[in-house]
Amino acid sequence: MDFEALKALGWRAHFADQLTQEDSGLKPARTPARVPARVPARVVREDVNRYHLLYEGGAAFGVLSRRLRGESASRGDLPAVGDWVLCTPADQGFVIERTLARFSKFSRKVAGDRFEEQVVAANIDTVFIVTGLDDNFSPGRIERYLMLAFSSGATPVIVLNKADLADDLEKYLERLAPIVMGTPVHVISALEGDGLAELESYMQEGHTVALLGSSGVGKSTIINAILGYQRFDTGEVRQGDSRGRHTTTFRELCVADTGGLLIDTPGMREIQIWAPDASLASSFEDVESLAMRCRFTDCAHESEPGCAVREAIESGDLEESRLRSYKKFGKELEHFAEKQDASVRAERKVSRKKFTKTIRKRPTKRDLS
Ligand code: GDP
Ligand code: ZN
């Protein structure tokens with residue numbers, strides 16, 4: 001296998017370690033039939049019934065194996081953009097046999113009422129949290145994206161775009177200071193090309209970068225600038241078609257000429273992201289480390305005596321708004337966990353019912369005689 005070509009697509013030990021002897025085409029000791037080697041490929045785009053894949057030999061289309069379609073209990077197990085899959089070459093394209101475990105992922109709830117996970121992008125190394133230095137600037141939103149990024153397993157980087165419009169950069173940076181928690185901050189102007197070299201430094205070979213940020217902050221402009229060609233229309237008003245769907249539903253992983261991969265998916269734009277493993281530990285390290293010094297372990301940081309968090313707020317070491325966000329996100333995560341528990345319980349109930357039904361249906365001695 002040409003591992004160099006795979007490495008350029010993001011292949012690494014994390015995935016290689018998951019290959020079994022069978023995947024590599026080595027026969028298990030007692031299997032008489034020849035086992036074909038499985039081809040590792042990366043999902044770069046997802047259409048309704050097929051996947052666009054890149055592998056060591058170029059591009060191919062892939063469809064899910066019958067087993068995978070039947071087996072996958074939840075949509076979260078199905079391949080998403082950025083995933084590494086193992087395939088068997090077939091007459092026309094590849095059959096996808098298995099999705100390899102991800103090292104990071106961004107998910108959202110599936111559309112509709114069901115409380116189910118849909119992975120929108122997987123195996124991302126770095127996530128650019130993009131904001132415009134204009135009226136749209138919101139530290140609260142960045143705080144939220146940071147929490148989601150940390151929970152995803154990707155490393156966040158804050159990108160402040162439209163520097164050409166900002167007359168008082170210091171003011172913006174001051175408002176950002178309490179929440180960045182050591183995250184790198186880059187001030188750029190995608191329009192004028194300022195600071196783009198700093199972003200390009202993240203585009204190392206095999207390194208995957210995704211962009212997160214609300215509409216209009218300049219994500220498409222940044223992607224076009226990094227890729228060096230007009231990958232996306234910018235500034236267009238994205239209107240729904242007659243069925244109320246968005247017309248631009250591309251969701252694609254692009255390989256840059258200079259090495260490195262870029263993901264832009266509409267799903268990443270949405271702020272309500274599924275975050276089952278979310279934790280406040282990384283994004284609210286400041287509050288959490290103070291809270292460890294509170295006198296009471298269950299301190300609510302309201303008016304308890306010996307509250308290290310309130311003391312820090314009074315002495316000006318911690319912004320009051322940080323505590324507010326911390327509590328707000330904490331509640332949200334609790335709420336999420338409760339909903340998830342309820343959904344798991346409901347699922348169990350359904351499968352229990354199905355199970356009892358199959359037991360009841362088992363033939364009795366009389367049926368058999
Ligand atoms: P997206 O929705 O995040 O993909 O944003 P776009 O890339 O489509 O950009 C939205 C608008 O902002 C477009 O009109 C861009 O030309 C403009 N824009 C993007 N980057 C900059 C910048 O650095 N400075 C200024 N002034 N405008 C920018
Ligand atoms: Zn306290």
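Atoms within each ligand, like the ligands themselves, are counted from 1 in listed order.
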Which ligand 1 atoms, with their elements, are less than 4.0 angstrom from a heavy-atom of Lys219? 1 (P), 3 (O), 4 (O), 5 (O), 7 (O)
Under the side chain to side chain donor-acceptor pair (under 3.5 Å) test, residues paired with Arg322 that sit two or more places apart: Glu143, Asp286
Which residues and atoms, protein N, O or S only, are under 2.8 Å from the Zn ion (ligand 2)? Cys294 SG, Cys299 SG, His301 ND1, Cys307 SG
For ligand 1, which is the ligand I care about here, please tell me if Ala163 has any N or O atom under 3.5 Å from one of the ligand's N or O atoms. no
Counting from 1, what ligand 1 atoms have a heavy atom of Ser215 closer than 4.0 Å? 2 (O)
Polar contact flag for Ile188 and ligand 1 (N/O pairs, less than 3.5 Å): no
Going by ring-ring contact (aromatic ring centres under 6.0 Å, His included), Trp11 matches just one of Tyr55, Phe103, Trp84. Which one? Trp84
Can you hop from Val185 to Phe137 via hydrophobic side chains spaced under 4.5 Å? yes
Taking side chain to side chain donor-acceptor pair (under 3.5 Å) as the test, write out the residues that go with Asp194, two or more places apart. none
For ligand 1, note which part of Thr221 has a heavy atom under 4.0 Å away: side chain, backbone, both or neither. both
Is Gly213 in contact with ligand 1, taking contact as a heavy-atom separation below 4.0 Å? no
Can you list the residues that meet the ring pair (Phe, Tyr, Trp, His ring centres under 6.0 Å) rule with Phe128, with sequence neighbours excluded? Tyr202
Greater than 12 external heavy atoms within 6.0 Å of Asp47's CG: yes
So with a 6.0 Å cut-off around CD of Gln204, is the heavy-atom count from everything else above 12? yes
Taking the side chain as every heavy atom from C-beta outward, state whether Leu261 and Arg42 have any pair of such atoms under 4.5 Å apart. yes
Contact atoms of ligand 1, heavy-atom distance to Leu165 under 4.0 Å: 26 (N)
Path from Leu196 to Met203 over hydrophobic side-chain contacts below 4.5 Å: yes
If you take the nearest heavy atom of each of Asn224, Asn136, Asp134, Asp164, which one is closest to atom 26 (N) of ligand 1? Asp164
Expected output: side-chain Glu192 to main-chain Asp164 donor-acceptor under 3.5 Å: no
Going by the atom numbers of ligand 1, which of them fall below 4.0 Å from some non-hydrogen atom of Ser220? 1 (P), 4 (O), 7 (O)
If we only count N/O pairs under 3.5 Å, is Glu192 in contact with ligand 1? no
Side chains of Asn224 and Thr221: do they bring a donor and an acceptor to under 3.5 Å? no
